[in-house]
Amino acid sequence: MARAATTTDTFNAVAEPQRRRILDVLTEGERSVTALVEELGLSQPQVSKHLRVLRDVGAVHVREASRRRLYRLNAQALKPIHDWVARYERFWSERFDRLDTVVEELRRQEPPDERTENTP
């Protein structure tokens with residue numbers, strides 16, 4: 001099966017680490033390309049390229065302010081990723097709950113003098 005183009009699929013777009021760094025910065029508020037270049041230590045062409053991809057998938061919005069473009073996060077576009085990861089979060093939470101039960105059961109089975117030695 002062919003992989004979806006980076007510019008049409010949010011999952012592929014955010015798979016790139018520098019794009020995730022841009023999204024992380026934008027969670028703090030709107031930024032210009034220049035501000036992103038300074039904060040991330042990337043070149044202006046790199047930041048612009050990544051912003052174009054993020055804009056194409058709807059993960060960021062841009063607005064004109066005089067001669068500058070200001071970018072802001074569109075978290076709603078990331079919701080499919082959140083929904084997908086949430087399934088695995090539930091899975092691991094259930095596993096850890098079961099592990100807690102097993103550990104507690106093992107503690108109850110230890111002789112009393114060993115319980116005090118093994119607890120922090």
Side-chain angles (χ1 to χ4, degrees):
M1 177 185 237
R3 197 173 129 198
T6 299
T7 57
T8 60
D9 179 74
T10 306
F11 285 87
N12 284 320
V14 302
E16 208 289 323
Q18 300 304 341
R19 290 189 200 118
R20 290 193 307 270
R21 288 181 62 210
I22 290 170
L23 293 173
D24 288 344
V25 170
L26 293 178
T27 63
E28 300 167 5
E30 196 171 63
R31 297 287 195 289
S32 66
V33 172
T34 304
L36 288 167
V37 165
E38 290 171 4
E39 286 186 57
L40 299 169
L42 300 172
S43 70
Q44 186 275 326
Q46 284 178 305
V47 171
S48 292
K49 180 186 105 180
H50 291 310
L51 285 170
R52 180 186 325 263
V53 171
L54 292 170
R55 190 179 65 225
D56 287 349
V57 299
V60 298
H61 289 301
V62 62
R63 75 176 175 92
E64 303 281 334
S66 293
R67 295 175 11 161
R68 298 186 320 159
R69 289 179 177 209
L70 298 174
Y71 290 85
R72 64 183 159 79
L73 179 67
N74 175 22
Q76 185 61 36
L78 303 176
K79 188 168 181 338
I81 295 170
H82 173 271
D83 293 345
W84 181 75
V85 169
R87 291 178 38 204
Y88 295 94
E89 181 181 13
R90 283 189 300 274
F91 170 81
W92 283 109
S93 291
E94 289 171 9
R95 291 280 176 116
F96 286 130
D97 289 345
R98 282 188 263 162
L99 180 60
D100 287 343
T101 303
V102 169
V103 168
E104 188 56 40
E105 181 66 30
L106 290 172
R107 281 190 181 139
R108 281 192 221 117
Q109 293 173 6
E110 285 182 343
D113 57 336
E114 287 184 24
R115 267 187 259 169
T116 56
E117 290 176 12
N118 293 334
T119 44

Least distance between heavy atoms, Ser43 atom then Gln46 atom: N-OE1, 3.0 Å
Do Arg19 side-chain atoms and Ala13 backbone N/O form a donor-acceptor pair below 3.5 Å? yes
When every non-hydrogen atom of Arg69 is compared with those of Val62, the smallest separation belongs to CB-CG2, 3.7 Å
Ser48 OG to His50 NE2 distance, which is reported to the nearest 0.5 Å: 10.0 Å
Spacing of Gln44 atom CD and Leu51 atom CG [to the nearest 0.5 Å]: 9.5 Å
Going from CG on Leu26 to CD on Glu39, what distance comes out if it is rounded to the nearest 0.5 angstrom? 8.5 Å
Would a hydrophobic clustering, with Ile, Leu, Val, Met, Phe, Trp and Tyr connected at side-chain separations under 4.5 Å, put Trp92 with Trp84? no
Which heavy atom of Val37 sits nearest to which heavy atom of Val47, and what is that distance? CG2-CG2, 3.8 Å
Would the distance check show the side chain of Asn74 and the main-chain N or O of Gly58 forming a donor-acceptor pair, the cut-off being under 3.5 Å? yes
Starting at CZ of Arg98, measure out to CD of Glu94 and round the result to the nearest 0.5 Å. 6.5 Å
Inspect the contact between Glu105 and Arg108 and indicate whether a charged nitrogen and a carboxylate oxygen are less than 4.0 angstrom apart. yes
With rounding to the nearest 0.5 Å, note down the distance linking CG in Leu54 to CG in Leu23. 5.0 Å
If we only count heavy atoms from C-beta on, is the Leu73 to Leu78 side-chain gap below 4.5 Å? yes
Donor-acceptor pair, Arg21 side chain versus Leu40 backbone, under 3.5 Å? yes
Above 12 or not: heavy atoms from other molecules or residues under 6.0 Å from CZ of Phe96? no
Please check if atom CD in Glu28 has more than 12 non-hydrogen atoms from other residues, nucleotides or ligands closer than 6.0 Å. yes
Using 0.5 Å steps for rounding, measure from the CG atom of Asp24 to the CZ atom of Arg20. 8.5 Å
If hydrophobic clusters are built by linking Ile, Leu, Val, Met, Phe, Trp and Tyr wherever their side-chain heavy atoms come under 4.5 Å apart, do Phe11 and Val85 end up in the same one? yes
